[in-house]
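So that we are looking at the same thing, I have put the structure below in structure tokens.
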Number of protein chains: 4
Amino acid sequence: MSPASKDGSDQPVRPRVEGERELEILDATVQILAEVGYDLLTMDAVATRAKASKATLYRRWNGKPALVLDAILSQKERHDLPDTGSLRGDLLALTCGMGGLTDGTQVAILGSLITAVSRDREFADIFHRDFIGPKAEQNRQVFVRAQERGEIPRDLDLDVLVPALPAIILHRLFLLGDPPTEELITRVIDQVILPAVHHRGTPTPEPEGTR
Amino acid sequence: MSPASKDGSDQPVRPRVEGERELEILDATVQILAEVGYDLLTMDAVATRAKASKATLYRRWNGKPALVLDAILSQKERHDLPDTGSLRGDLLALTCGMGGLTDGTQVAILGSLITAVSRDREFADIFHRDFIGPKAEQNRQVFVRAQERGEIPRDLDLDVLVPALPAIILHRLFLLGDPPTEELITRVIDQVILPAVHHRGTPTPEPEGTR
Amino acid sequence: MSPASKDGSDQPVRPRVEGERELEILDATVQILAEVGYDLLTMDAVATRAKASKATLYRRWNGKPALVLDAILSQKERHDLPDTGSLRGDLLALTCGMGGLTDGTQVAILGSLITAVSRDREFADIFHRDFIGPKAEQNRQVFVRAQERGEIPRDLDLDVLVPALPAIILHRLFLLGDPPTEELITRVIDQVILPAVHHRGTPTPEPEGTR
Amino acid sequence: MSPASKDGSDQPVRPRVEGERELEILDATVQILAEVGYDLLTMDAVATRAKASKATLYRRWNGKPALVLDAILSQKERHDLPDTGSLRGDLLALTCGMGGLTDGTQVAILGSLITAVSRDREFADIFHRDFIGPKAEQNRQVFVRAQERGEIPRDLDLDVLVPALPAIILHRLFLLGDPPTEELITRVIDQVILPAVHHRGTPTPEPEGTR
DNA sequence: CAATAAACGAGACGGTACGTCGAGTCTTCCT
DNA sequence: AGGAAGACTCGACGTACCGTCTCGTTTATTG
């Protein structure tokens with residue numbers, strides 16, 4: 001993300017206080033983000049708050065989306081993978097826990113970034129890799145462990161099943177205007193996810209005669 | 001598309017036969033939308049194209065999101081509810097058909113509007129009621145008919161199940177960067193939706209002892 | 001002052017007695033003029049106040065300057081020509097009296113109209129004929145009577161002398177920022193006007209041999 | 001006109017050598033002023049012509065009047081005080097010379113500014129101090145020198161006499177629609193100014209009995 | 001340890017879109 | 001028939017933010 005930094009592979013390199021300055025800027029960004037939201041955040045505001053010049057911001061980041069994304073990523077403390085012993089418990093813990101979908105701030109920011117995602121290819125790539133990727137991987141781990149425990153079949157189409165839970169929750173939030181609650185998450189897990197993973201039999205069978 | 005416009009049968013210029021002028025503006029909006037996309041669409045461009053003044057635009061619409069939303073809604077020709085005789089067939093037809101999730105243009109605009117949705121309460125209400133609402137109702141009808149046919153249980157939690165399919169597809173598109181295909185939609189239906197609706201038994205079973 | 005009101009029977013509203021409606025509009029114009037001044041007066045405001053449509057305004061007047069000018073003219077009650085028996089007394093009375101140069105409102109509006117005068121030929125003609133003309137004629141009368149009394153010579157260049165007093169006063173107001181007072185007017189009369197009219201002898205005399 | 005600009009000695013574009021950019025903008029303003037006049041001059045036009053952004057204009061100047069005034073002031077080359085040896089000659093030279101009242105451009109601009117003067121207090125102050133002031137001082141000098149030569153009395157009320165000539169000329173132009181000519185100026189000098197300055201005797205005498 | 005060249009803060013700049021406002025025209029409806 | 005009502009086009013306004021740029025000024029190696 002942060003270009004021209006830590007790799008130290010090119011010119012004599014002799015930047016500033018190394019990545020420390022960068023962190024201050026990212027902090028300022030996160031603060032403003034929390035205060036006014038993505039859209040009302042301006043590069044000028046970040047520059048002022050961080051006592052940096054806009055030139056510095058643009059030297060390091062492509063623009064507002066990249067900066068904000070980086071700022072969010074910098075906040076990522078590794079949220080430990082929960083281990084409750086059951087798929088259901090793990091999903092609940094992961095989804096409702098810190099950094100999960102009930103975390104209003106993160107989710108609000110997420111909404112703000114969707115616009116940027118759908119129009120900036122490069123930004124989208126970074127977003128998918130560094131922001132969505134790790135979260136998705138955690139979710140996948142929960143399913144893989146359940147497979148290893150024998151709780152669910154090994155031949156499930158995890159590519160489809162793993163993102164289903166966050167998908168349904170976020171869809172309700174963004175498109176239906178229905179903010180996530182633990183109760184809702186429970187309903188989705190019990191009525192969609194668990195039936196789907198426990199489903200045994202012909203996965204794609206009946207073309208004509210359903211009954 | 002442009003309904004009662006430019007038939008060119010009479011005097012020089014003469015707008016205003018009630019909402020006719022409005023439709024011309026919405027048409028211009030849709031054209032520009034198709035040409036340059038939501039972000040590069042400017043109010044000035046719409047005004048110029050429609051030979052309207054910006055004052056007129058702002059007299060009728062709150063701003064760009066409202067105008068664009070209205071423009072899209074004006075394009076809504078009633079897509080007939082498919083009736084294939086099975087839930088699976090109906091879902092496939094509805095989701096892949098015209099105005100469904102494989103319609104790239106609509107979906108791209110959708111992404112652009114999410115920002116506005118999560119920021120403007122009033123806009124969100126209109127969006128939910130007039131844009132999402134009708135689509136959701138169609139989806140619900142498909143499930144209700146399946147219930148009436150006895151194909152699926154009557155005690156399903158449709159509030160959760162109905163939006164699940166679009167949720168998963170759109171989530172893949174917006175957050176995972178995975179554009180919808182018919183093949184994907186089929187997988188989701190067969191591996192998530194149908195198992196969930198056919199799932200019989202304890203809907204929320206193992207509270208404590210999963211193992 | 002306010003015409004169209006004197007009948008006192010107004011309530012039921014009943015326009016269109018030819019020039020009566022016009023007077024109501026001019027009254028509204030004068031009111032607004034007094035309240036907010038020329039620049040902040042809008043045609044919409046006049047239309048609203050007079051319960052007229054803008055179309056009506058533009059049907060009768062060319063635009064804002066013409067309307068305002070007409071409104072001012074409508075206020076013109078014939079200010080009687082003073083007759084104090086001396087040129088000096090007449091000038092003082094005329095210049096300081098009602099409708100004279102110490103009337104702040106009229107003078108302020110005058111300033112606003114100068115722009116229009118120097119830009120709109122047609123407007124300028126009306127302005128000169130109907131606004132300036134009568135005032136100038138009154139001033140001229142004062143001089144003519146003085147000539148008839150034998151107080152001043154008959155061969156004076158009145159075209160130059162008559163406008164000199166208002167010229168000097170208005171110049172001080174508009175360009176020097178020095179508002180008119182009776183004291184100032186007195187000084188100008190005594191030190192410029194009277195010396196000039198009493199000047200007898202070589203009109204263009206001295207230094208090198210002008211004649 | 002454009003003072004220290006485009007010496008073209010170095011790289012492509014590179015403004016900002018202190019007030020140099022400002023002068024370019026003022027030059028553009030003067031050009032447009034000469035072409036279309038004050039009222040038809042728009043900030044956008046100035047911005048475009050000067051290849052500046054409107055933000056830059058508004059960063060430095062309050063608005064159109066301030067910009068235009070500054071532009072005019074920037075054009076002020078010191079017009080040397082004429083010295084013909086007589087008051088009459090000096091007045092003629094000064095009034096008819098460069099920057100005098102027969103200079104159509106300057107006078108046109110003057111007319112345009114009167115409106116602004118009579119409604120913007122701050123603008124009026126600057127206008128009086130920086131535009132009118134220097135010109136008035138030159139006129140006063142002519143009279144003072146005449147006094148020093150003994151050509152005219154030392155106890156004249158110069159505050160009234162000095163502005164009288166321009167007052168009368170401008171009044172004829174703006175309010176009577178009579179453009180200045182050298183012939184007119186001569187008449188005013190000979191029939192008003194000179195009689196007034198040579199007037200000997202009671203300056204403000206006869207209160208009641210003129211006859 | 002001074003010279004030097006990168007990176008920096010500050011913030012002006014060109015550009016573009018915004019949303020508002022007033023002028024003057026035009027159409028519809030009402031009386 | 002004619003006027004009130006007010007929507008309409010046009011175009012200027014003044015503001016905001018973006019991303020670039022040019023200034024001095026640090027700052028940390030390098031000579």
Side-chain angles (χ1 to χ4, degrees), chain A residues 4 11-18 21 25 39-48 50-64, chain B residues 11-18 21-22 25 39-48 50-64, chain C residues 13-16 21 39-48 50-65 67, chain D residues 11-18 21-22 25 39-48 50-64:
Chain A
Q11 304 85 352
V13 258
R14 171 194 10 77
R16 240 343 255 244
V17 199
E18 194 52 27
R21 190 74 191 86
I25 293 173
D39 297 294
L40 296 183
L41 174 148
T42 67
M43 297 302 269
D44 288 75
V46 173
T48 301
K51 284 203 152 301
S53 85
K54 284 202 294 171
T56 302
L57 302 188
Y58 283 99
R59 215 174 283 125
R60 296 192 195 253
W61 294 278
N62 250 340
K64 183 164 135 176
Chain B
Q11 303 85 353
V13 279
R14 168 207 26 86
R16 185 108 37 87
V17 191
E18 199 35 36
R21 191 74 190 88
E22 189 168 308
I25 294 173
D39 297 295
L40 295 184
L41 174 148
T42 67
M43 296 303 269
D44 288 76
V46 173
T48 301
K51 282 205 152 299
S53 80
K54 282 200 295 172
T56 300
L57 303 188
Y58 283 101
R59 207 177 292 124
R60 294 189 193 263
W61 295 277
N62 250 340
K64 185 164 134 175
Chain C
V13 274
R14 154 212 25 83
R16 186 109 37 84
R21 190 76 191 86
D39 298 295
L40 295 184
L41 175 148
T42 67
M43 296 303 268
D44 288 76
V46 173
T48 301
K51 283 204 152 302
S53 85
K54 283 202 294 170
T56 302
L57 302 188
Y58 283 100
R59 212 174 287 125
R60 295 190 195 258
W61 294 277
N62 248 340
K64 182 164 137 175
L67 171 60
Chain D
Q11 304 83 356
V13 279
R14 167 206 28 84
R16 182 109 37 88
V17 190
E18 198 38 38
R21 192 72 190 86
E22 190 169 306
I25 293 173
D39 298 292
L40 294 183
L41 174 147
T42 67
M43 297 302 270
D44 288 75
V46 173
T48 302
K51 282 205 153 299
S53 81
K54 281 200 296 171
T56 299
L57 302 188
Y58 284 102
R59 211 176 286 124
R60 293 189 193 265
W61 294 278
N62 251 342
K64 185 164 132 176

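Below, read A as the first sequence line, B as the second, and so on, with proteins coming before strands; counting in each chain starts at 1.
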*Within less than 4.0 Å of OP1 or OP2 of E/dT25, is there a side-chain N or O belonging to C/Tyr58?*
no
*asked:* Taking 4.0 Å as the cut-off, does a side-chain nitrogen or oxygen of C/Arg59 come that near to OP1 or OP2 on F/dG3?
replied: yes
*For the side chain of C/Lys54, starting at C-beta, report the closest nucleotide among E/dC8, F/dA5, F/dG6.*
F/dG6
*Give a yes/no answer on whether the side chain of A/Arg60 brings an N or O atom under 4.0 Å of OP1 or OP2 in E/dA7.*
no
*Does A/Ala55 or B/Ala55 map to a spot on DNA chain F nearer the 5' end, using the closest nucleotide for each?*
B/Ala55
*D/Ile25 and D/Ala52: which non-hydrogen atoms are nearest, and at how many Å?*
CD1-CB, 4.2 Å
*Roughly how far apart are C/Lys64 NZ and C/Leu57 CG, rounded to 0.5 Å?*
12.5 Å
*Within the structure, does a side-chain N or O atom of C/Thr56 lie under 4.0 Å from either OP1 or OP2 of F/dG3?*
no
_Nearest whole Å is fine: how far is E/dG14 C1' from D/Ile25 CD1?_
11 Å
*asked:* Please report the distance, rounded to the nearest Å, between CD in B/Glu22 and P in F/dA7.
replied: 13 Å
*Do the side-chain N or O atoms of B/Thr42 get closer than 4.0 angstrom to the phosphate oxygens (OP1, OP2) of E/dT16?*
no
*Length of the line joining A/Leu40:CG and F/dT15:C1', which is rounded to integer Å*: 15 Å
*asked:* Without decimals, in angstroms, what is the distance between D/Trp61 CH2 and E/dA12 C1'?
replied: 13 Å
*Between B/Ser53 and A/Ser53, which has a closest nucleotide on DNA chain E that is more 5'?*
A/Ser53
_Candidate nucleotides F/dG14, F/dC18, E/dG9, ranked by approach to the side chain of A/Lys64 - the nearest_ = F/dC18
*In terms of the nearest nucleotide of DNA chain F, which residue is placed more toward the 5' end: D/Leu41 or A/Asn62?*
D/Leu41
_Under 4.0 Å, counting only non-hydrogen atoms across every strand here, what does C/Gly63 touch: a base, just sugar-phosphate, or nothing?_
sugar-phosphate
*With DNA chain E as reference, determine whether D/Lys51 or C/Asp44 sits nearer its 5' end, using the nearest nucleotide of each.*
D/Lys51
*Looking only at non-hydrogen atoms, find the nearest pair between A/Ser53 and A/Ala47 and report the distance.*
C-CB, 4.2 Å
_Shortest non-hydrogen contact from C/Arg21 toward C/Lys51_ = NH2-O, 3.2 Å
*Euclidean distance, atom CZ of residue D/Arg21 to atom P of E/dG14 [Å, nearest integer]*: 5 Å
*Before giving the answer on side-chain contact (heavy atoms from CB on, under 4.5 Å), spell out for C/Leu67 and C/Met43 the whole-Å C-alpha distance, their side-chain angles and the decisive distance to 0.1 Å.*
CA-CA 9 Å; C/Leu67 171 60; C/Met43 296 303 268; 4.0 Å; yes
*Measure from CE on A/Met43 to P on F/dT20 and round the result to the nearest Å.*
10 Å
